[in-house]
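Below is one structure, written out as structure tokens; comments come after it.
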Amino acid sequence: MRDDLRKDKIRTYYRALYQAWGPQNWWPARSQFEVVIGAYLTQNTAWTNVEKALANLRAAGLLSVKGIRDMRLAELERLIRPSGYFRQKAARLKTFVGFLDRHYRGSLKRLFASPTAELRKELLALNGVGPETADSILLYAGNHPVFVVDAYTRRIIARHAILPAEADYEDVRALFERALSPLPHSVAEMTESSIQHLAPGLPGAPHPPSLMSAAKRTALTQVYNEMHGLIVGVGKHYCKKSQPVCDGCPLQRFLPGAK
Ligand code: SF4
């Protein structure tokens with residue numbers, strides 16, 4: 001498929017999903033640091049388990065840079081145990097805070113003031129930070145214009161013959177960024193009345209707004225934010241791993257061969 005067709009498809013999917021489901025209110029967190037912790041804890045586990053670990057940290061009054069820094073490793077392991085791989089994740093969170101202290105005097109504000117490409121490289125050099133974690137931190141905690149590619153993204157574009165499932169992470173990310181970067185202008189054209197607002201509990205209904213979902217960001221960052229949230233909705237409710245449930249999926253009419 002030609003690159004311009006791929007980009008057109010992705011833009012069309014964005015519009016279709018946004019009109020069907022409206023803003024998704026990502027990421028469900030109260031602070032930048034909570035996004036960082038969530039991005040680590042969500043590796044290889046369901047978000048419901050992450051919520052339990054975050055609730056433990058919050059209840060202990062330790063959901064902060066200082067909290068993670070001062071806490072004994074064994075205590076951190078105990079609190080985040082519900083998220084699975086808790087020993088590995090606790091060590092990685094300590095590594096992140098150590099990095100923040102050494103390079104940015106413990107300040108997330110200083111960290112996120114770095115240029116995007118430079119900061120991405122630094123995050124990727126940390127133990128336990130792959131591209132999806134780094135990009136989640138950059139986009140959802142730092143409001144940097146980086147698109148997050150996850151397993152749902154790959155599954156959807158493979159099933160729609162846009163890119164193969166084994167495509168390189170960076171190729172998928174670059175494609176989405178090229179496709180979505182002109183969108184902030186046309187999104188403004190989507191009038192409020194053309195966007196559906198779903199009742200809680202329905203597939204595609206948004207998270208309740210959070211302090212981080214309502215944070216100030218550029219129009220481009222907002223488009224990346226929404227597209228990832230919309231894709232998660234498709235993956236969670238329709239584009240399941242073993243078998244897609246295409247009936248009712250807002251992308252059904254774009255399937256290859258669809259009339
Ligand atoms: S569920 Fe079906 S229509 Fe929806 S994204 Fe997956 S393959 Fe496409």
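Q43 and T133 are linked by a side-chain donor-acceptor pair at a separation below 3.5 angstrom, with hydrogens and angles left out of the test. A side-chain donor-acceptor contact under 3.5 Å links T221 and T218. Using modelled atom types and a 3.5 Å distance limit, the side chains of H228 and Y152 yield no donor-acceptor pair. Side chains of Y238 and D247: a donor-acceptor N/O pair is absent below 3.5 angstrom, by distance only.
Residues Y224 and V146 fail the side-chain proximity criterion, which asks for heavy atoms closer than 4.5 Å. When side chains are defined from C-beta on, I231 counts as touching F147, because their heavy atoms get closer than 4.5 Å. At least one side-chain heavy atom of L57 sits less than 4.5 Å from a side-chain heavy atom of M71. Counting only heavy atoms from C-beta outward, the side chains of M212 and E34 never approach each other to under 4.5 Å. With a 4.5 Å cut-off on side-chain heavy atoms, V149 and P131 do not count as touching.
Salt bridge D3/R178: present, at least one basic N to carboxylate O contact under 4.0 Å. Under a 4.0 Å N-O distance rule, the pair E166/R154 does not qualify as a salt bridge. Taking the charged nitrogens against the carboxylate oxygens, E170 and R173 do have a contact shorter than 4.0 Å, which makes a salt bridge. Under a 4.0 Å N-O distance rule, the pair D4/K7 does not qualify as a salt bridge. Ion pairing between E75 and R72 fails under the 4.0 Å rule for side-chain N and carboxylate O.
Expressed to the nearest 0.5 Å, how far CZ of R58 lies from CG of L79 amounts to 12.5 Å. Rounding to the nearest 0.5 Å places CD1 of I80 at 11.0 Å from OG1 of T45. From L163, atom CG reaches atom CD1 of I157 across 4.5 Å, with rounding to the nearest 0.5 Å. Here S83 contributes atom OG and N49 contributes atom CG; the two are 7.5 Å apart, rounded to the nearest 0.5 Å. Interatomic distance, OH of Y18 versus CG of L230, reported as 8.5 Å (0.5 Å rounding). Note: L119 CG to H103 NE2 = 11.5 Å, rounded to the nearest 0.5 Å.
Remark: the backbone N or O of Q24 is paired with a side-chain donor or acceptor of E226 at under 3.5 angstrom. In this structure a side-chain-to-backbone donor-acceptor pair under 3.5 Å is present from T153 to D150. At distances below 3.5 Å, not a single donor-acceptor pair connects side-chain atoms of K52 with backbone N or O atoms of P82. A donor-acceptor pair is defined here as one N or O able to donate and one able to accept, closer than 3.5 Å; no such pair exists between the side chain of R120 and the backbone of L138. Not a single donor-acceptor pair under 3.5 Å links the side chain of R30 to the backbone N or O of L211. Put simply, the side chain of S181 gets close to the backbone of E177: a donor and an acceptor are under 3.5 Å apart. Here the side chain of N225 pairs a donor or acceptor atom with the backbone of W26 at under 3.5 angstrom. Judged by distance alone, with hydrogens and angles left aside, the side-chain atoms of K94 form a donor-acceptor pair with the main-chain N or O of I68 at under 3.5 Å.
Scanning all heavy atoms of the two residues, the minimum distance from I156 to C239 falls at CG1-SG, 3.9 Å. Shortest non-hydrogen contact noted between T116 and P145 is OG1-CD, 4.0 Å. Heavy-atom minimum distance, R69 versus V97: CB-CG1, 3.7 Å. K9 and M1 make their closest contact through CE-CE, 3.6 Å (heavy atoms, listed as atom of the first residue, atom of the second, distance). The minimum heavy-atom distance between Y13 and H160, with the atom names listed, is OH-ND1, 2.8 Å. Closest of all the heavy-atom pairs between N143 and R217 is OD1-NE, 2.9 Å.
Among residues two or more places apart in sequence or in another chain, the salt bridge (charged side-chain N to carboxylate O under 4.0 Å, His left out) test is passed with E77 by R87.
Put simply, Y85 and V50 are part of two different groups of oily side chains (I, L, V, M, F, W, Y) that touch within less than 4.5 Å, one to the next. A single hydrophobic cluster is seen to contain both F86 and W47, as judged by linkage of ILVMFWY side chains at heavy-atom distances under 4.5 Å, directly or through other members. Transitive grouping of hydrophobic side chains (ILVMFWY, heavy atoms separated by less than 4.5 Å) brings L108 and L123 into a common cluster.
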Exercise. So L100 and S107, side chain to side chain contact (heavy atoms under 4.5 Å, CB included) or not? Walk me through it.
Worked result: CA-CA 7 Å; L100 190 67; S107 161; 6.0 Å; no

For this session: Take L175 and I10, measure what side chain to side chain contact (heavy atoms under 4.5 Å, CB included) needs, and give me the verdict at the end.
Result: CA-CA 9 Å; L175 172 63; I10 290 167; 3.6 Å; yes

Exercise. Taking it one step at a time, do S213 and Y140 satisfy side chain to side chain contact (heavy atoms under 4.5 Å, CB included)?
Worked result: CA-CA 8 Å; S213 74; Y140 288 108; over 6 Å; no

Problem set entry | Criterion side-chain hydrogen bond (donor to acceptor under 3.5 Å, both in side chains) on D135 and Y169, from CA distance to verdict | CA-CA 11 Å; D135 293 341; Y169 182 100; 2.7 Å; yes

For this session: Could you walk me through whether R110 and R105 pass the side chain to side chain contact (heavy atoms under 4.5 Å, CB included) test, one step at a time?
Result: CA-CA 8 Å; R110 278 192 208 101; R105 285 181 278 153; 3.2 Å; yes

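Using cut-offs of 30° and 60° for the angle between ring planes, the Y104 and F99 rings count as perpendicular. Between F96 and Y40, the angle of the ring planes goes over 60°, which puts this pair in the perpendicular group of the 30/60° scheme.
The number of heavy atoms from other shown groups lying within 6.0 Å of CD (Q243) does not exceed 12. Other residues, nucleotides and ligands contribute more than 12 heavy atoms inside 6.0 Å of the CZ atom of R159.
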